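The structure appears below as structure tokens.
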Protein chains: 2
Amino acid sequence: MTTRSREDVVQAAGRLFALRGFHGTSMRDLGDELGLLGSSLYSHVESKEQLLVEVIQRGAVLFQSLADEVSAGGGAPEKKVADLVRGHAAIITSHQDMSATFLNEARFLPDRERRAIVDMRDRYESTVRGLISEAIGNGPFRDQDPALATIMALSVLNALTRWFRADGRQSAEEIAEAMVEFIIEGLK
Amino acid sequence: MTTRSREDVVQAAGRLFALRGFHGTSMRDLGDELGLLGSSLYSHVESKEQLLVEVIQRGAVLFQSLADEVSAGGGAPEKKVADLVRGHAAIITSHQDMSATFLNEARFLPDRERRAIVDMRDRYESTVRGLISEAIGNGPFRDQDPALATIMALSVLNALTRWFRADGRQSAEEIAEAMVEFIIEGLK
DNA sequence: CCTACCGATCGGTAGG
DNA sequence: CCTACCGATCGGTAGG
């Protein structure tokens, strides 16, 4: 067992925060996970809150990047929505702990950081709503409230944090395709 | 300010557990909410865990009753799915705290109670899967994996615990109808 | 329902 | 990364 890096600590924190929640995880729990004492963690990080901040900010950045990518990418509105669904599913299935912590524990962030994360989440949602609105205006999707349509689509995707298992019956890609179909047919 | 009943304590516990989580809520917080000391709560309840058990069991019962009701009720498979969607949405929008606690905090239940709740949740999901399978077999829904279809439908509904506001732009009924359409079109 | 309290655990620090 | 520790807070109890 070699020495642990700050990166290892952040990873393990993501895992435990996702599993037991921020308030259900003590620094001693986190130490156990890494094979050292709770107090020893403080040579790697400043505070427990800072760990939460770091895990969640990394999650937020992933979704932000996806939104930028899909917005800049080409194709018809319907295709952009499909691309976003695939990308969103891929983020969660390959960073499940970070995503779960981002979605469930952000309310426990210190005020300033919480506001910043809520802003990022709002911006992401706005981008998705923009894509869906285009597809409503251009025809493929039926006339409906874009805000509600967006929430419903993201609900399907975000629930992946709760039930996806990498060793499950279906691969992440198969699941993503089923979600593309469900969401797009659901909006037509 | 009159004296508090056990019922008041359970209600307030549901509210705080939904808002800040089980581990993020102290008995002193709960006392504050009710205008008394944390230690005074113990004349109403045996333990903090027992409060969690009570809130969550009440939630589980609501969904169980809905499943029984819809199963016994008549109509084509597609109509039953629509009824279930409406009923599930109604439970969450009219018992949001209980539902959120049921869905998010059950992992913190003592072992025995947690297993019982997981069983109830599994039975509920089985019932829904049965209805969806019927609608796949009978034609209205396209051929697809019923388990995944069920998870996706319930994901849309359960996310209501996260965003629904009684004073929002749309009524609970309007939202429920939009979900009926989204889910049923998504499965066709 | 409060007063007065308990042992356990929490996040965190000093010093090595 | 550990030893040794700190004050604060936790769930909970005895007695009134």
Side-chain angles (χ1 to χ4, degrees), chain A residues 1-57 97 101 104-114, chain B residues 1-57 97 101 104-114:
Chain A
M1 185 91 56
T2 168
T3 192
R4 260 68 53 182
S5 68
R6 182 186 179 102
E7 181 61 30
D8 295 328
V9 178
V10 175
Q11 289 269 340
R15 200 158 52 243
L16 291 192
F17 292 165
L19 200 63
R20 310 182 204 164
F22 177 68
H23 288 301
T25 302
S26 74
M27 291 301 268
R28 285 157 179 88
D29 291 339
L30 184 52
D32 285 349
E33 183 84 0
L34 291 160
L36 41 79
L37 295 178
S39 59
S40 300
L41 293 166
Y42 290 91
S43 46
H44 293 105
V45 296
E46 309 69 54
S47 68
K48 191 188 174 192
E49 279 196 342
Q50 185 53 39
L51 272 175
L52 184 65
V53 168
E54 215 143 316
V55 171
I56 291 182
Q57 279 177 348
D97 297 331
T101 302
N104 298 324
E105 310 297 320
R107 58 190 155 153
F108 303 123
L109 247 15
D111 259 28
R112 201 168 55 83
E113 284 84 359
R114 204 192 64 249
Chain B
M1 185 88 56
T2 168
T3 191
R4 259 68 51 180
S5 68
R6 182 186 177 102
E7 182 60 30
D8 295 329
V9 177
V10 175
Q11 289 269 341
R15 200 159 51 242
L16 291 193
F17 292 165
L19 200 63
R20 309 183 205 165
F22 177 67
H23 288 303
T25 302
S26 74
M27 290 301 269
R28 285 158 179 87
D29 291 338
L30 183 52
D32 284 349
E33 183 84 359
L34 291 159
L36 41 80
L37 293 178
S39 59
S40 300
L41 293 166
Y42 289 91
S43 46
H44 292 105
V45 297
E46 310 69 52
S47 68
K48 190 188 174 191
E49 279 197 341
Q50 185 53 39
L51 272 176
L52 183 64
V53 168
E54 215 142 317
V55 171
I56 291 183
Q57 278 178 348
D97 296 332
T101 302
N104 298 325
E105 310 297 319
R107 59 190 156 153
F108 303 124
L109 247 15
D111 259 29
R112 201 168 55 83
E113 284 83 359
R114 202 192 64 248

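None of these values were measured; they are calculated from a predicted model. Sequence lines set the chain letters: A, B, ... in the order given, protein chains first and strands last, and positions in each chain run from 1.
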Point to revise | Between D:dG11 (C1') and B:Phe17 (CZ): distance, integer Å | key: 12 Å

Check your understanding: Is there a side-chain contact between A:Arg114 and A:Asp111 (heavy atoms, below 4.5 Å)?
Key -> yes

Exercise for review: List in chain and number order the residues that pass salt bridge (Lys or Arg N to Asp or Glu O under 4.0 Å) with B:Asp29, two or more places apart in sequence or in another chain; answer none if no residue qualifies.
Suggested key: B:Arg20

Review point. C:dG11 P sits how many Å from A:Leu16 CG, rounded?
Key: 12 Å

Study note, to complete from the structure: Between the CE atom in B:Met27 and the CG atom in B:Leu16, the distance rounded to the nearest 0.5 Å is 11.0 Å

Review point. At what distance, to the nearest 0.5 angstrom, does OG1 of B:Thr25 lie from NZ of B:Lys48?
Key: 6.5 Å

**Study point:** Mutual orientation of the aromatic rings belonging to B:Phe108 and B:His23 [parallel < 30°, tilted 30-60°, perpendicular > 60°]
**Key:** perpendicular

Review point. Rounded to the nearest Å, what distance is computed from the CG atom of residue A:Leu30 to the C1' atom of nucleotide D:dC1?
Key: 14 Å

Practice item. Name every residue in residues 38-53 of chain B that has at least one heavy atom under 4.0 Å from any atom of DNA chain D, in order of residue number, or write none if there are no such residues. Key: B:Ser39, B:Tyr42, B:Ser47, B:Lys48

Check your understanding: Nearest-Å distance, CG (B:Leu34) to P (C:dC2)?
Key -> 11 Å

Exercise for review: Specify the separation, in whole Å, of atom CZ of B:Arg28 and atom P of C:dC1.
Suggested key: 17 Å

Check your understanding: If you check the B:Leu36 side chain, which of D:dG11, D:dC1, C:dC2 turns out closest?
Key -> C:dC2

Practice item. Please determine which of A:Arg28, A:Gln11, A:Arg15 meets the side-chain hydrogen bond (donor to acceptor under 3.5 Å, both in side chains) test together with A:Glu33. Key: A:Arg15

Point to revise | Inter-residue atom distance A:Glu49.CD - A:Leu52.CG, 0.5 Å rounding | key: 7.5 Å

Review point. Between D:dC10 atom C1' and B:Asp32 atom CG, what is the distance in whole Å?
Key: 14 Å

**Study point:** Straight-line distance of B:Leu41 CG to B:Leu30 CG, nearest 0.5 Å
**Key:** 5.0 Å

Review point. Within the structure, does a side-chain N or O atom of A:Arg4 lie under 4.0 Å from either OP1 or OP2 of D:dC1?
Key: yes

Check your understanding: B:Leu37 side chain: which of C:dC2, D:dC2, C:dG11 is closest?
Key -> C:dC2

Exercise for review: Calculate, to the nearest 0.5 Å, the distance between atoms CG and CZ belonging to A:Leu51 and A:Phe22 respectively.
Suggested key: 8.5 Å

Exercise for review: Using Watson-Crick or G-U wobble pairs with both distances under 3.5 Å, give me DNA chain D in dot-bracket, 5' to 3', with [ ] for crossers and | for pairs to another strand.
Suggested key: ||||||||||||||||

